[in-house]
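Everything below concerns the one structure shown next.
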Amino acid sequence: MTVPLGTMRATGDFVTIKDGEIFFLGRKDSQIKRHGKRLNIELVQQVAEGLQQVESCAVTWYNQEKLILFMVSKNDLVKDYIFKELQKHLPSHAIPDELVLIDSLPFTSHGKIDVSELNKIYLNSIDLKSECKLNGKEELWEKLHHLWKSVLSLSEDPLEVPDESLFLNSGGDSLKSIRLLNEIENLVGTSVPGLLEIILSSSILEIYNHILQTVFPDEDLTFSKKYATKRKYSDVNQEETSGKSLHQESVMPLNCDNEINAFIALSRGSQILSLNTTRFLTKLEHCPSAYSSDLISQTNIQNMKSLNPPALIGKSKDTSCVAEVSEEETSVMGAEKMEFHVRWRSDTGKCVDASPLVVIPAVDKSSATVYIGSHSHRMMAVDLYSGKVKWEQILGDRIESSACVSKCGNFIVVGCYNGLVYILKSNSGEKYWMFTTEDAVKSSATVDPTTGLFYIGSHDQHAYALDIYKKKCVWKLKCGGTVFSSPCLSLIPYHLYFATLGGLLLAINPATGKRVWKHSCGKPLFSSPRCCLQYICIGCVDGNFLCFTHFGEQIWQFSTNEPIFSSPCTSASEQEIFFGSHDCFIYCCSMKGHLQWKFETTSRVYSTPFAFHNHNRGNEMLLAAASTDGKLWILESKSGELQSVYQLPGEVFSSPVVWESMLIIGCRNNYVYCLDLLGGNQR
């Protein structure tokens, strides 16, 4: 074709220019996004080719899921050695998922690497693996040790992995657990139901025995090591549980006087519970809306439809107790329209992965309290405005569960790693009742505003309904998988939703504990379900965000590029839904499943967004979100436009809660933070 002289065409090559010469760096189409970071796969290839034992190699991004290194070696190589060498020269997000040894690289007729042929070679290698039967239980034990060390980057450690080793305590996390799951299923050539929850909650010996039951179902499962039994919590501190039997009646009736205990409670994902507050609403400068909790709008507790969600109305009144903060905590300002200032921070002693519960009494909102727990075993009540610690209570183990307030306002309910659900007096932290499950409780409770019952899940694979006033379990239901996330309650229809790491979404009758329907999503559900008037939504680790009717029919799904651990949050109108993904994006979708906008952060988004009003600017809606690298993001909710960003000095897995101009969140530097968020006219 004849083209005008001087026509320029984009070649898709990355180059650098030095002394008038152009040096080729790589192809634009070799850029991928992996583990939340950009990666040029040619970098992996260049590093591998630089190893002395490698003759030639190629790297592919198989199905946009796995990074595969194909290698022609100069001599017999041990794969472990290559991985160890790559780890010396590459960042963690650039380490290949698998290494495939081949005799020679395939080329197209144009002399380029034949990627489709490499994909066939990889598929054949998977088939060969599945055909290679394990030579007994001892070989499985050895290979499980090898995979454990490989996934946790412990290959250089000559010591054996102790039988009681727990994956999360050995440096594992949710993403590494999925990688170990895939590696084990590749090794045994079949899927292993329920394996992910075992990896996350049990020892390596228990993982081994669980795999045995799938791979060698007809054999005697007795191994040379003791068969590990599921851990029970009957040995929990007797001082804590003595005299607190499951069905013990309350010694003293609690004061549930509506007038005294009128309050508003805010928790992650813009969930707002307002009880007994009708007569006090006119006294508050701003009140939450029912947009975030269909529980309220669907009942006669009160009519909240005309009210506004938590408002950004300018700097809060009492600034006398603002703590001095380190230089690491900085407001990263550019063209943003708002600023963060640390109001206070409170040291909890260890990482804070739980999300805050904020309770605002209707009579005296200045006595508002933040309830939050941490890995230090401490449960704390902190004054919202001053940061003064009102009380703290030491529980039996780590706390990742977020607190929930009782219908009467007198109690706080929180789960614990030791398998107990603690019911604490909200004004003092005194232990009122403890309910024992058979495994860790990371799920956060949900209260039924009509009955006062609490619903919570456990790693023991059960859902529980608890009557804290009668101190008894009303019902329990086996869910077919570990319950990591938190339940969601709809009053019309009257359904309770639980999600499991076995991939099941369950609809349960809250009154009876009987299952109404279930849907298998195929992959683990770490995200908590969120219901609105018409739909129930949830994220999945396969990267899909799913929407169902209240009767179990899937309406749509939206795909992201990485697993979704973030739970959803809805807008005031319930026309939009917000969530984060491990692909580093915050997403806004319409309730028809159409992408409205997406915003790229600088790291994975694990936490749940929070929608709130900014009355300084024509009542605009804002969205607060956090990425795991410690950045807090304020976006305009309709457009996704950045308003402000703030850097905390630690990783963040906690979710933000906003009240007035204050944003509260936990951080892995051991602190819970309260930040004033100031609009343009308050600077």
Side-chain angles (χ1 to χ4, degrees), residues 266-272 286 288-289 291-293 308-313 331-332 335-340 355-356 358 527-528 530 532 537 539 545 558 560 564-581 583-591 594-648 652 654-665 675-680:
L266 292 89
S267 54
R268 63 176 186 166
S270 305
Q271 294 183 89
I272 302 168
H286 44 78
S289 159
Y291 80 88
S292 60
S293 176
N308 296 320
L312 177 63
I313 59 167
S331 188
V332 185
E336 298 86 356
K337 305 169 181 65
M338 295 184 161
E339 288 183 1
F340 283 99
S355 299
V358 180
S527 170
S528 297
R530 183 60 183 271
C532 54
C537 298
F545 188 80
F558 177 85
T560 72
I564 299 174
F565 291 82
S566 170
S567 301
C569 159
T570 57
S571 65
S573 63
E574 292 192 345
Q575 296 303 304
E576 295 87 27
I577 192 153
F578 312 100
F579 58 94
S581 168
D583 65 6
C584 300
F585 282 92
I586 299 163
Y587 291 87
C588 172
C589 286
S590 71
M591 277 303 181
H594 302 308
L595 178 66
Q596 304 297 97
W597 54 259
K598 64 178 184 176
F599 175 85
E600 185 171 15
T601 71
T602 50
S603 188
R604 303 171 192 162
V605 181
Y606 182 94
S607 67
T608 301
F610 193 100
F612 62 102
H613 266 136
N614 174 17
H615 290 306
N616 288 318
R617 274 200 217 136
N619 224 20
E620 74 176 342
M621 285 299 297
L622 300 177
L623 190 74
S627 48
T628 55
D629 59 358
K631 285 196 177 73
L632 305 179
W633 308 87
I634 302 296
L635 309 177
E636 202 282 315
S637 69
K638 286 293 183 185
S639 64
E641 181 185 350
L642 179 65
Q643 305 294 302
S644 188
V645 58
Y646 184 86
Q647 178 70 62
L648 286 172
V652 171
S654 174
S655 299
V657 169
V658 178
W659 174 255
E660 295 185 339
S661 64
M662 293 170 286
L663 183 150
I664 307 96
I665 194 166
L675 301 112
D676 280 311
L677 180 56
L678 308 181

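Please read all numbers here as calculations on a predicted model, not as lab measurements. Index from 1, following the sequence.
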Can you confirm whether [X] sits close enough to [Y] that some side-chain heavy atom of one is under 4.5 Å from a side-chain heavy atom of the other?
X    : Y    : value
L642 : L635 : yes
Y587 : V605 : no
M591 : T570 : yes
L663 : I634 : yes
Q643 : L622 : yes
L677 : Y646 : no

Any idea which heavy atoms bring A625 and I586 closest together, and the distance?
-> CB-CD1, 3.5 Å
Return the minimal non-hydrogen interatomic distance between P656 and A624, and the atom names on each side.
-> CG-O, 3.9 Å
Pairwise distance [atom1]([X]) to [atom2]([Y]) - rounded to 0.5 angstrom:
X    : Y    : atom1 : atom2 : result
C537 : F578 : SG    : CZ    : 12.5 Å
W659 : I272 : CH2   : CD1   : 8.0 Å
W597 : S637 : CH2   : OG    : 7.5 Å
Q647 : S627 : CD    : OG    : 7.5 Å
S270 : M621 : OG    : CE    : 7.0 Å
L266 : S355 : CG    : OG    : 13.0 Å

N/O donor-acceptor pair under 3.5 Å between S527 side chain and S566 backbone |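 Checked: pair present.
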Are the side chain of T601 and the backbone of C584 linked by a donor-acceptor contact shorter than 3.5 Å?
->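 Such a contact is found between T601 side chain and C584 backbone.
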With side chain to side chain contact (heavy atoms under 4.5 Å, CB included) as the test, would you mind laying out the steps for T602 and V645 before giving the verdict?
-> CA-CA 11 Å; T602 50; V645 58; over 6 Å; no
Under 30°, 30 to 60°, or over 60°: which ring-plane class applies to F558 and F579, parallel, tilted or perpendicular?
->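 Ring orientation of F558 relative to F579: perpendicular.
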Begin with the C-alpha distance, continue with both residues' side-chain angles, and end with the deciding distance and a verdict on side chain to side chain contact (heavy atoms under 4.5 Å, CB included) for T608 and R530.
-> CA-CA 11 Å; T608 301; R530 183 60 183 271; 5.8 Å; no
Strictly by modelled atom types, are R268 and S528 linked by a side-chain donor-acceptor pair under 3.5 Å?
-> yes
Apply the test side chain to side chain contact (heavy atoms under 4.5 Å, CB included) to residues E576 and K638: give CA-CA distance (whole Å), side-chain angles for both, the deciding distance (0.1 Å), then the verdict.
-> CA-CA 9 Å; E576 295 87 27; K638 286 293 183 185; 3.4 Å; yes
Worked verdict on I577 versus F545 for side chain to side chain contact (heavy atoms under 4.5 Å, CB included) | CA-CA 11 Å; I577 192 153; F545 188 80; 3.9 Å; yes
